[in-house]
Amino acid sequence: MSHDHGPERHAEATPEARLRALLDHAAHLLPAQGPIGVFIHHNTLHAFQHLPFHEAVAAASATFGAEGYLAEAEYRAFLGTGRITEEDLAAALDDHHRRESPERLAESRGPFTRASIERVALRHSLRTVSEAALVWRMAEQGKRGFSDEARALWDACRALPLPPAPPTELSLVDRVGLDRTHRDLLLAVTGEDAAEMIGSFLVRLLSAYLDEGVAHWAMPDRDKGLFQAFAAMTREAPPAAAFLRELPAEFGRIARAKLTPASIVLSALETLGVSEAHREAYLTQILLEMPGWAGMIHRLEHTPGDRAPTAPPASLTEYLAVRLTLWQLALRDIARQRLGYEGPLAGLVDHVRRSQRPSSPPAQAMDRSADHERPYLLFQLAQAAGVEAAQVKLLSESDRLWVLGVLEAFDETTRRRVWHEAYERHHRHEVMHALAVNLRRPVAARRVAEPALQVICCMDDRSCGLRRHLEELSPRNETFGIAGFFGVPIRYRGLDDPGFAALCPLGAEPAYEVVERPVEEAHGTQRRGRRRRWARLLHALRHGTNTMTRGMLLTPTLGVFSLFPLVGRVLMPRTAGKLRAAVGRRLLPLPATHLHSPGEGDLGAGLRVLTAAEKAGRVGAALENMGLVKSFAPLVVVLGHGSRSTNNPHQSAYDCGACGGRLGEPNARLFAEMANDPETRALLRQRGIDIPETTWFVGGLHNTTTDGITLSDTHRAPPSHAKVLAAARATLDEARKLHAHERCRRFASAPKSLTPEAALAHVETRAEDLSQARPELGHVTNAVCVIGRREMTRGLFLDRRAFLISYDPTLDVEGRILERIVAAAGPVGAGINLEYYFSRVDNAHYGCGTKLPHNLVSLLGVMEGGAGDLRTGLPKQMIEIHEPVRLLLVLETTPEVAVGICERQPVVRELVVNGWVQVVCVDPDTGRMMHFKDGGFTSLVPPGGPLPEVARSVDWYAGKSDFVAPALIRAASAEIVRLDDPPRPPRPPRTAQEEVAHVAA
């Protein structure tokens, strides 16, 4: 993405080419969210990522009118609850002083110093008010007994007339073409909104044109492009709105001139009188009036893989051609009806400027001061600082202006930045203190010497708790974390899928094609036949209810029959869901399947044959990334993850971001299949990775909504592993109950006294409940990403807030493995974190509001009500309890290695150097911690003192519904530990080979 100040313009370029360059640059401000069915988390402010974080927040706030931090009141509340301490605030203020004005800190005027003014401004709400509000406040103060001291102080503050603060903005008339449009001008002058006039018509047009399956009939002429479809539709059925009565004439003019969509846009800009120098700013404002729809069109235009091959073409130029055609008609109508202006639109701004009259002077000046706001600010500051009236009286006008200048320069945005830095500092030190304490524990308490079960999970923060519970159940359970596509980027089509989907991270391209096929083709043919007949029946019924004759018969009949399942889903959602699944399995049984990868000649462009060498390369790289190159357990479970819930258009936002916003099970299943391949293992041995014959890999899926865990292809496991598999199922079943129990503490509707079994039933019910707006909380707790050995975090309660990526620095002296991990997983974790951050700090602009009034549109997104813009970002139900902090990226490496990675990886450098993530390096040998700050690494010394230590996670989180600080979990000493079980003595460990022989016996 280009980050220059404007599109490159060459004198010899055609107007159409200059327009394309202009749009390419203007469109980078649009949301990059794709269709909601493949929701992938990304940095909401991706267009500003080339800037340092705080500068980007300020630039985005100016562009979108959005907030970049929490409100000051929220930060002050955190100070009261201990989420921010006085030490944190003082450190953040010191950092601000060092950055902004270190040499001016000693400046003072009378009793005021720069530092004291800023300290008071942080702790107290000092606000300007209107004259009427000031009079009311003083009257109220008088009623409550306005003290003599306060009255004297107020008199002293307003004794000297102070000049008003200079204006900071141009008039709206002068801003047309700079950062405002004709619509803004007419809205301010007449109260009529041109965008609102065309909005509902345009939304209906776009939703019909881009529809991917909601509409019963497809819009005609979609294959000819948006503008041609628009013209054909309006010719056949002219719009009823009065302001569109000139639309046929406009189409006639366009047809006679044989204008292309680009020519239509250029013609409209000339008609509006927008000079070429101002066109980018003007079109940017046009696009940002409906950023959701404009962003979706831009996304579909440049990412055609998000849609079916039969989808109509998407073009931002055509969108603008349609919008500006409607726009001109709406502007002319408003100017004619409300201003009596019949001239060309190019003269509208001058007409408004000539018709404006200078505002009348105020009837009377305020007593004793030409500006009441600034004396009142001084009054509030003096009161909060404990400065008396006599001291204020000694201040000259220049002294007072200096004091007020310092206060006004330390504005709300700056104060909130300081508060936010303090907030993040507290979290950073809390986490690093926990890691430091854990690293001081004996290695034997944190390391698995003879693993009996190994589970490889996605790096996802929702796996953090599951892994901890698995390890609490047995000291011989070992877990690993990796990006959830498991290093195999594939183009995948499941048994029932209509087409292929890319299961790989955003920005990556699939390397292999994988198709799920039935083991016995006869079973697959039978299933396809049943599905086809069932689909035809449903289609006939739905079509019949929309006709007159069959509708009269079918609607009441189907309504009666649908009553019973509907009542069941409302009153007993979990039971109804299980019954529905059982009926589905009975009527449409799922045959045994296998994964097939086509050979040479059957692949699409850019795809490779999945040979033994390719398999060994992918499996070997993933195992080396995790540090799993020896000490293999008898059973290795590879768990992808995904989410399934009812009545939830944002369901795919809960799926695996590393798999392109889809389920991670196919990748996990394929990885296990490749790792079990004897030919692959032979090649891996040449690479130094010797997987013993007694080890078997099994893929699976963790449903993060229900905490259900299913294992794939278990029928292919050798008979010797039957009991090992049974034991693993029992362990996983117990871990998911414990994990559901921990999750339920954050659900307001979950009873506080649930047993693990009841907690599991509760989360399963939430997934089936039609009325449930919060089936799960997604990544709402994410705040940390640890890339290092599991010994750093094993036995540490991190409240399900951490992305955990396994990495062994002792196998990676030069940092090349770490570079692969950070380059792939860093942007994924940062994208998740930043989308949650911005959706939380300003849900109105960066999020999509509450789910409750959302309607699914065209299978692309959601909008509120029946017409409006597509809402992007996350709904309130996903971010209400989120603590918005930038991702704390903890790397078990040296600063030198981290710097080298940043030098070689531009995307990583942008995230780290510009402060979109916080980075701390932990030296693998010494444990020394270094924090990247202000362009370099500085020593980080976490707070001293012990950390609370408990026997089980439940002993620490029980009874708490808010965020819980870190704590140490003592090493498990039994194979299965239930919440109500007393600890049991450990048994002597067996080797992996002894374990297989034992369970087989």
Side-chain angles (χ1 to χ4, degrees), residues 40-43 424 427-428 430-432 434-435 438 455-468 470-471 479-487 505-506 622 625-627 639-643 653-659 661 664 702 704 739 743 776-794 796-808 818 820-837 878 882-893 898 907-908 911-912 916-922 963 966:
I40 302 176
H41 293 289
H42 66 287
N43 181 6
E424 290 186 331
H427 172 254
R428 181 169 61 249
E430 185 177 71
V431 171
M432 299 316 298
L435 289 175
N438 199 42
V455 180
I456 302 173
C457 296
C458 179
M459 59 178 271
D460 195 286
D461 51 306
R462 290 167 294 177
S463 298
C464 175
L466 182 68
R467 293 177 59 183
R468 174 169 26 86
L470 277 168
E471 292 164 350
T479 68
F480 297 85
I482 189 174
F485 74 112
F486 302 104
L506 181 66
N625 287 357
M626 293 183 289
L639 274 186
H641 71 92
S643 171
Y654 300 126
D655 282 341
C656 182
C659 297
H702 174 212
T704 55
H739 192 235
R743 288 174 57 210
E776 73 160 282
L777 298 178
H779 300 282
V780 73
T781 56
N782 83 87
V784 188
C785 178
V786 181
I787 303 179
R789 286 169 288 189
R790 180 56 172 162
E791 291 96 285
M792 291 181 66
T793 54
R794 185 181 172 101
L796 193 59
F797 183 89
L798 292 175
D799 202 15
R800 301 179 68 247
R801 305 194 72 183
F803 299 103
L804 298 176
I805 304 177
S806 299
Y807 162 70
D808 189 345
L818 180 61
R820 290 201 307 257
I821 295 173
V822 173
V828 172
I832 294 171
N833 171 266
L834 291 167
E835 183 149 40
Y836 271 82
Y837 176 99
M878 290 177 69
H882 184 61
E883 287 195 338
V885 294
R886 286 171 289 173
L887 188 68
L888 175 59
L889 182 58
V890 181
L891 306 176
E892 190 178 11
T893 190
V907 174
V908 175
L911 290 171
V912 173
W916 293 91
V917 296
Q918 309 173 76
V919 176
V920 174
C921 289
V922 179
F963 285 102

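By convention here, the first residue in the shown sequence is residue 1. Computed over heavy atoms, backbone and side chain alike; hydrogens, waters and symmetry mates excluded.
- In this structure the side chain of Glu883 never reaches within 4.5 angstrom of the side chain of His427, judged on heavy atoms.
- In this structure the side chain of Leu470 never reaches within 4.5 angstrom of the side chain of His739, judged on heavy atoms.
- Applying the side-chain hydrogen bond (donor to acceptor under 3.5 Å, both in side chains) criterion to Thr704, with sequence neighbours excluded, gives Arg462, Glu776.
- Checked against salt bridge (Lys or Arg N to Asp or Glu O under 4.0 Å), Arg468 has the following partners two or more places apart in sequence or in another chain: Glu742.
- For Val920, the side chain to side chain contact (heavy atoms under 4.5 Å, CB included) partners at least two apart in sequence or on another chain are Arg428, Met432, Leu888, Met929, His931, Leu940.
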*Could you walk me through whether Glu835 and His779 pass the side chain to side chain contact (heavy atoms under 4.5 Å, CB included) check?*
CA-CA 10 Å; Glu835 183 149 40; His779 300 282; over 6 Å; no

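- Between the CH2 atom of Trp916 and the CG atom of Asn43 there is a distance of 5.0 Å, given to the nearest 0.5 Å.
- Separating the SG atom in Cys457 from the CD1 atom in Ile805 is a distance of 13.0 Å, to the nearest 0.5 Å.
- For Glu424, the side-chain hydrogen bond (donor to acceptor under 3.5 Å, both in side chains) test picks out His420, Arg886, with sequence neighbours left out.
- Contact annotation: the side chain of Arg801 never approaches that of Cys464 to less than 4.5 Å [non-hydrogen atoms, C-beta and beyond].
- When every heavy atom of His41 is checked against every heavy atom of Ala653, the shortest pair comes out as NE2-O, 3.1 Å.
- Taking Glu791 as the reference, Arg447 meet the salt bridge (Lys or Arg N to Asp or Glu O under 4.0 Å) condition, with sequence neighbours excluded.
- Considering only heavy atoms from C-beta on, Val828 stays 4.5 Å or farther from Phe803 through its side chain.
- In this structure, the separation between CG on Asn625 and CG on Asp808 is 11.5 Å, given to the nearest 0.5 Å.
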_Leu887 and Tyr837: CA distance, side-chain angles, deciding distance, side chain to side chain contact (heavy atoms under 4.5 Å, CB included) verdict_ = CA-CA 9 Å; Leu887 188 68; Tyr837 176 99; over 6 Å; no

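- By the side chain to side chain contact (heavy atoms under 4.5 Å, CB included) test, Asn438 is found to be paired with Arg441, Arg446, Leu796, Leu968, residues two or more places apart in sequence or in another chain being considered.
- A distance-only check finds a donor-acceptor pair linking the side chain of Asp655 to the backbone of Ser643 [under 3.5 Å].
- Val784 places none of its side-chain heavy atoms less than 4.5 Å from the side chain of Leu798.
- Of all heavy-atom pairs spanning Gly664 and Cys656, the tightest one is N-CB, 4.5 Å.
- Pairing each heavy atom of Leu639 with each of Phe486, the nearest pair is O-CZ, 3.3 Å.
- Residues satisfying the side chain to side chain contact (heavy atoms under 4.5 Å, CB included) criterion with Ala483, sequence neighbours excluded, are Met459, Phe485, Ala658.
- Taking the side-chain hydrogen bond (donor to acceptor under 3.5 Å, both in side chains) definition, one finds that Arg743 meets it with Asp707, sequence neighbours left out.
- Taken from CD1 in Ile482 to CD1 in Ile456, the straight-line distance is 7.0 Å, to the nearest 0.5 Å.
- In terms of the ring-ring contact (aromatic ring centres under 6.0 Å, His included) criterion, residue partners of His882 (sequence neighbours excluded) are, by chain and number, Tyr836.
- Here Asp799 pairs with Arg745 under the side-chain hydrogen bond (donor to acceptor under 3.5 Å, both in side chains) rule; sequence neighbours left out.
- Here the SG-CG distance, from Cys785 to Asn833, works out to 10.0 Å after rounding to the nearest 0.5 Å.
- A side-chain contact (heavy atoms from CB on, under 4.5 Å) with Val822 holds for exactly one of Thr893, Val912, Leu911, Ile787; it is Ile787.
- When all heavy atoms of Ala898 and Leu891 are compared, the pair lying nearest together is CB-CD1, 4.4 Å.
- In this structure, Asn782 CG and Asp461 CG are separated by 5.5 Å, a value rounded to the nearest 0.5 Å.
- Residues meeting the side chain to side chain contact (heavy atoms under 4.5 Å, CB included) test with Ser806, sequence neighbours left out: Arg467, Phe480, Met626.
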